[in-house]
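As the structure is a prediction and not an experimental result, all values here were calculated from the model. Side chains included, hydrogens not; waters and symmetry mates left out as well; all remaining heavy atoms used.
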Amino acid sequence: MVRNTYNDSALLLSLAACLLCAWPSVSAAETTEAKGKQLCHVKCTDPHAACEESQKVIDTLNHLVKAMNEGDFSTVGEYMDENVTTFDEDSKKLLCGREAVLAEMKKRYEKSVAQAAGGSVSYHIEQPYAQVSGDRATVTFLLRKTISGKTPVSLESHSTDVFVKHEGKWKKLHYRGSWKKVSPRLDS
C-alpha cells in the first residue's frame with residue numbers, strides 16, 4: 001500500500017494550526033494588565049478540528065500560546081514533551097530537549113518584545129487544521145506575526161506542530177516553522 005505523505009503532512013500541519021486557534025484571544029490590554037506593558041494579541045481564523053480529540057489538542061495549543069504571550073516559560077515547558085525538538089533556521093541545527101528548545105524560544109520572545117519597544121506583538125493563525133492518529137497529533141497552519149513599535153514589521157510562517165499524548169495530556173513533541181518577512185513596515 002502506498003501512502004500519500006503529502007496529505008499526511010498537510011493533515012499534521014493543519015492539526016497544529018487548530019491547536020493554536022483554540023486558545024482564547026489575548027488582547028493587548030489584557031496582556032498589559034497582566035505584565036504592566038503591552039506585548040501580544042492572538043487571533044485565529046477558520047480553524048478545522050478533524051475530530052473531537054483534535055479539539056483537545058487545539059485547547060492545549062491555546063494554553064501553550066497564551067503562556068508564551070505572557071512570557072511564562074515555566075508554563076510553556078509544562079506543555080512540552082521532555083524530548084521536544086525543533087529546527088533552528090539560523091544555525092541550521094536540530095534543537096533537542098525541553099531546555100534547549102525553551103532557551104531558543106525565550107531568546108526569540110525577548111527579541112520580539114525588544115523590537116516592539118513600547119508597541120505590541122500580535123499573532124494571527126490562519127486556517128489551522130488538526131489531525132489526531134492514536135497518541136500523535138499534527139497541526140498545520142499559517143502564522144502571521146506583526147510587531148508594531150518603532151520599526152513595525154510583518155512576518156509569516158507556514159508551521160507544523162506535532163503533539164504526543166502522555167497520561168491523558170497532549171504535549172508538544174516537535175514544531176517547525178520558518179519566518180519570512182512579508183513587509184518591512186506596516187501601514188496600519
Side-chain angles (χ1 to χ4, degrees), residues 8-26 39-40 42-44 47-112 121-145 155-179:
D8 290 347
S9 296
L11 290 175
L12 290 178
L13 287 174
S14 296
L15 178 61
C18 285
L19 293 175
L20 286 173
C21 290
W23 275 322
S25 293
V26 177
L39 295 178
C40 287
V42 176
K43 180 170 120 180
C44 181
H48 301 279
C51 64
E52 187 176 319
E53 193 66 20
S54 295
Q55 186 60 51
K56 293 177 184 177
V57 178
I58 292 168
D59 291 342
T60 300
L61 184 60
N62 281 322
H63 293 299
L64 194 154
V65 168
K66 183 178 179 185
M68 177 72 179
N69 289 339
E70 295 171 353
D72 181 0
F73 290 96
S74 175
T75 300
V76 170
E78 292 174 16
Y79 290 101
M80 296 183 143
D81 185 84
E82 70 180 59
N83 297 310
V84 66
T85 60
T86 190
F87 186 76
D88 182 351
E89 292 291 334
D90 295 335
S91 69
K92 305 295 185 212
K93 292 184 180 179
L94 183 68
L95 300 175
C96 300
R98 186 182 299 136
E99 295 307 314
V101 170
L102 281 172
E104 181 63 23
M105 290 176 80
K106 286 179 192 177
K107 182 176 97 175
R108 292 184 185 277
Y109 172 83
E110 290 167 359
K111 181 179 176 182
S112 291
V121 179
S122 62
Y123 295 91
H124 185 176
I125 303 154
E126 295 183 10
Q127 300 180 339
Y129 179 79
Q131 177 69 43
V132 173
S133 179
D135 67 348
R136 305 281 183 189
T138 303
V139 183
T140 59
F141 54 98
L142 174 64
L143 184 59
R144 295 185 190 276
K145 177 178 174 180
L155 304 110
E156 69 180 24
S157 174
H158 293 270
S159 302
T160 303
D161 285 4
V162 177
F163 287 79
V164 63
K165 193 172 189 178
H166 288 294
E167 298 176 1
K169 295 182 182 179
W170 287 102
K171 299 204 176 216
K172 190 177 282 198
L173 181 62
H174 179 77
Y175 71 94
R176 179 75 194 263
S178 180
W179 290 103

Any sub-3.5 Å donor-acceptor pair from Thr85's side-chain atoms to Leu95's backbone N or O? no
Heavy-atom closest pair, residues Arg136 and Val164: NH1-CG2, 3.4 Å
Contact summary for Gly177 and Ser157, nearest pair of heavy atoms: CA-OG, 3.3 Å
Contacts of Asp88 that satisfy side chain to side chain donor-acceptor pair (under 3.5 Å) - sequence neighbours left out: Ser91, Arg108
Electrostatic pair Glu156:Arg144 at N-O distance under 4.0 angstrom: yes
Spacing of CZ belonging to Arg176 relative to CG belonging to Asp161, to within rounding of 0.5 Å: 12.5 Å
Going from NZ on Lys171 to CZ on Phe163, what distance comes out if it is rounded to the nearest 0.5 angstrom? 11.5 Å
Under a 4.5 Å cut-off applied to non-hydrogen side-chain atoms, are Lys92 and Phe87 in contact? yes
Glu53 side chain reached by Trp170 side chain, heavy atoms, under 4.5 Å: yes
Qualifying residues under side-chain contact (heavy atoms from CB on, under 4.5 Å), relative to Phe73, sequence neighbours excluded: Met68, Val76, Leu102, Met105, Lys106, Tyr109
Working to the nearest 0.5 Å, report the span between OG1 of Thr86 and CG of Leu173. 11.0 Å
How many angstroms lie between CD in Glu99 and CD in Glu82, if you round to the nearest 0.5 Å? 10.5 Å
Minimum heavy-atom distance between Asn83 and Asp81, given as atom pair plus value: N-OD2, 2.8 Å
Atom pair OG1 (Thr60) and NZ (Lys165), whose distance is rounded to the nearest 0.5 Å: 9.0 Å
Glu78: salt bridge (Lys or Arg N to Asp or Glu O under 4.0 Å) partners, not counting sequence neighbours: none
Which atom pair, heavy atoms only, marks the closest approach of Gly77 to Arg98? O-NE, 3.3 Å
When rounded to the nearest 0.5 Å, the distance separating OH of Tyr175 from CG of Leu143 is 11.5 Å
